[in-house]
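Have a look at the structure below, then the notes.
On a predicted model such as this, the values are computed, not experimentally measured, just so you know. Both counts, for ligands and for their atoms, begin at 1 and track the order of listing. Keep in mind that the numbers below use all heavy atoms, side chains included, and drop hydrogens, waters and symmetry copies.
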Amino acid sequence: MLNEKVIKLLNDQVNKEFYSAYLYLDFANYYVDKNLDGFANWYQIQAQEERDHAMLFIKYLQNNGIAVTLGAIDAPDKNIAAIVDPAKFALEHEKYVTASIHNIYAEAMAAKDFRTMQFLDWFIEEQGEEETTADELLKKVEMFGGDSQSLYLLNQELAARVYEAPTLVL
Ligand code: MG
């Protein structure tokens with residue numbers, strides 16, 4: 001049986017992952033509006049990955065006999081005023097998610113909940129990758145986003161991203 005505080009945090013994380021999906025979908029929609037289909041594709045895939053994360057937290061809770069409570073998902077609240085903005089917000093957001101997952105890990109550790117710690121290992125590694133990827137994309141957009149020819153090429157590069165299912169299977 002899992003610790004009550006850990007269960008609450010895992011439940012909250014489901015909501016945060018769905019919010020992340022919603023946020024990235026908002027970014028994708030912004031780029032659709034700007035006719036940058038490659039950027040839109042990149043964030044649509046990002047949104048799909050976040051939904052996968054949410055489903056993994058749900059599955060983990062269910063595998064441990066916990067009933068999952070779904071809460072309301074907040075509307076994306078980032079004010080996008082420039083092509084570079086989603087990349088900035090995404091890096092900031094991934095750092096927030098990393099802190100959230102580290103906090104669950106710390107609570108699981110305090111509760112000697114080794115099973116949850118092991119489950120979260122995958123997410124801790126994943127968050128490291130998410131931050132690196134977000135940082136790389138931000139640097140690219142900062143460097144090439146201002147010039148239309150470079151932006152065209154970057155858009156093509158991002159159009160090539162394909163969805164991959166998470167390597168964690170529960
Ligand atoms: Mg995530």
Using the test salt bridge (Lys or Arg N to Asp or Glu O under 4.0 Å), find all partners of Lys5 that sit at least two apart in sequence or belong to another chain.
Glu107
Who passes salt bridge (Lys or Arg N to Asp or Glu O under 4.0 Å) against Arg161, sequence neighbours left out?
Glu49
Could you give all pairs that pass the salt bridge (Lys or Arg N to Asp or Glu O under 4.0 Å) test and reach residues 121-137, with sequence neighbours left out?
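The answer is Asp135-Lys139.
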Are Tyr96 and His93, when compared by the centres of their aromatic rings, separated by less than 6.0 Å?
yes
Lys/Arg N to Asp/Glu carboxylate O, Lys140 vs Glu157, below 4.0 Å:
yes
Enumerate the protein N/O/S atoms at a distance below 2.8 Å from the Mg ion (ligand 1), ignoring waters.
Glu17 OE1, Glu50 OE1, His53 ND1
Measure across Ala72 and Asn15 and return the closest heavy-atom pair with its distance rounded to 0.1 Å.
O-ND2, 3.0 Å
